[in-house]
Amino acid sequence: MARAYNFFPGPAVLPIPALERAQRELLDWENTGTSVMETSHRSKEYDALHNETIGLIRELLDLPDNYHVLFLTGGASLQFAMIPMNLLSQDQTADYIHTGTWSKKAIAEAQLFGKVNIAFDGETVKLMRIPQQDELKLSPGARYVHMTSNNTIKGTQFHAFPETGNVPLLCDMSSDFMWRPFDVKQFGMIYAGAQKNVGPAGVTIAILRDDVLAQCKAENPTLLKYKTHVDKNSMFNTCPCFNIYMLRNVLAYMKEIGGLKKVEEHNRKKASIIYSTIDENPGFFRAPVAKDSRSFMNIVFRLPSEELEKKFVAGGLEQRMLGLKGHRSVGGIRISAYNSCPMEAVEKAAAYMKEFARENG
Ligand SMILES: *Cc1c(COP(=O)(O)O)cnc(C)c1O
C-alpha cells in the first residue's frame, strides 16, 4: 500500500486503523446490511454510534456534567457567526483576542451583532507571537472573551490559556483540538471543525457550558440556536452521520493508543524533530514565529529564497510529501503534523530538509 506522507493543513491525514475500520464496515455496518451512510439517523444502531462518539469525547477530555457536546455543521466558520448571534446584542461588548487569520474572520462576524473590543491586536506583533496575560485589555462586563488556541496559518499556539475571571472564555480549537489533555473547566465553550485533528470535514464539535447556554438569546432561527441542538442531542435535523462515524473511529483509536497523554507525547516529539532541524541549520532555515509561541501542529518556516522554497515543495512532492507549501497569504513552508500524522512522515520530512539544506546551502 502506497500511503503518501501527508502534511496537508486540513482536511488532513487520518489514522490508518480508523480508515480500515470504515473500509471493513462500509458495505455491512453493525449487521444492518447497509453502510452508516444509508441508514436512518433515527435507527437504534445510529443512536448507539452517536452516543458512543459523545461518550468518547467526554471520556478523553474528562468532561464535567455541566458541559454539553454538540455536533454541528457549517464548519468552524459558522461558529464565528453563531456565537455572537446567540450571545451578543448591539449594546453589548465581547472581547476578541486577535492572533491570526481565523480570529480576524471571527471578529468580522461578531461586529455584525454587537460591539467588539480587540483585547489584543496581534497585527502589532505581525501575528508572530501569542500575547502574555498582562497584554490583554479585557473589558469589564464583557459578554465573553474569544480566542483561537492555534493559528493554523501563521503557526503560533497558546501554551497557557488566558485568565478571564468571571467572563466566559470561548475558544476556536479547530487546529489543535485534543492535541493534548487540557482542563476544559477554563472554558465556557470550545469548538472545532473536525477536519484537522480528529476526523473528516463536515462535522464541527462544540462543547458548551450550562451557564453559557443559559445566556443564549431565544429569538434566533431554530437551527442557529445552541439550545435546539442541546435539547435534541444534535439530532434536530439529519446529522452528518458518516462524518460522525469517522470521528468515532478516530476517537476510538486515540483511546486505544492511550488517550490524550499519549497523543501529546507523540505530537511533542514530532514537532521537536522539525523545529530542531530548523534550529540546527540557522543559515538555511528560519522560523519566523517567536520561540515561546511556536505551534506544535503547524510548523512554519522559510528558506533563503522563494525559488528554493518552490524547489523544496516540488522536490518533496516527488518523494510523495504532500502539503508542504505555506498558506498562500504567508508563503514559505508549512508542515502540519496533527494528531494522526505518523512519526515516520515527520522523520522523512526532517531527513529531506537536511539533505535539501546540504545540497542547496
Ligand atoms: C480551518 C480553521 C477554521 C475554518 O474551519 P471551517 O471548518 O473550514 O469553517 C477556523 N478556525 C481555525 C483555527 C482553523 O484552523
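For ligands, and for the atoms within them, numbers begin at 1 and follow the listed sequence. Note that this is a predicted model, so its numbers are computed, not measured.
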Minimum heavy-atom separation for Pro168 and Arg209, please, with both atom names. CB-NH2, 4.1 Å
Protein heavy-atom partner closest to atom 2 (C) of ligand 1 - residue, atom, separation in Å: Lys196 NZ, 2.4 Å
Heavy atom of the protein closest to atom 5 (O) of ligand 1 (residue, atom name, distance): Ala76 CB, 3.6 Å
Please state which part of Tyr191 comes within less than 4.0 Å of ligand 1, counting heavy atoms only: side chain, backbone, both or neither. neither
With a cut-off of under 6.0 Å to the ring centre and 45° to the axis, is Lys196 in cation-pi contact with Trp102? yes
Residue selection (non-hydrogen contact nearest atom 15 (O) of ligand 1) among Ile153, Asp172, Thr152: Thr152
Could you list the atoms of ligand 1 found under 4.0 angstrom from a heavy atom of Ser175? 13 (C), 15 (O)
Check whether any heavy atom of Thr204 sits under 4.0 Å from an atom of ligand 1. no
Establish, from distance only, whether the side-chain atoms of Asn298 and Asn150 form a donor-acceptor pair under 3.5 Å. yes
Can you tell me how far CE of Met82 sits from CZ of Phe113, rounded to the nearest 0.5 angstrom? 11.0 Å
Under 4.0 Å from a heavy atom of Gly75: give me the atoms of ligand 1 that qualify, with their elements. 7 (O), 9 (O)
Can you tell me how far CG of Asn281 sits from NZ of Lys354, rounded to the nearest 0.5 angstrom? 8.0 Å
Atom 9 (O) of ligand 1: closest protein heavy atom, distance to 0.1 Å, is Ser77 OG, 2.6 Å
Can you pull out the closest protein heavy atom to atom 8 (O) of ligand 1? Residue, atom name and distance to 0.1 Å, please. Gln195 NE2, 3.5 Å
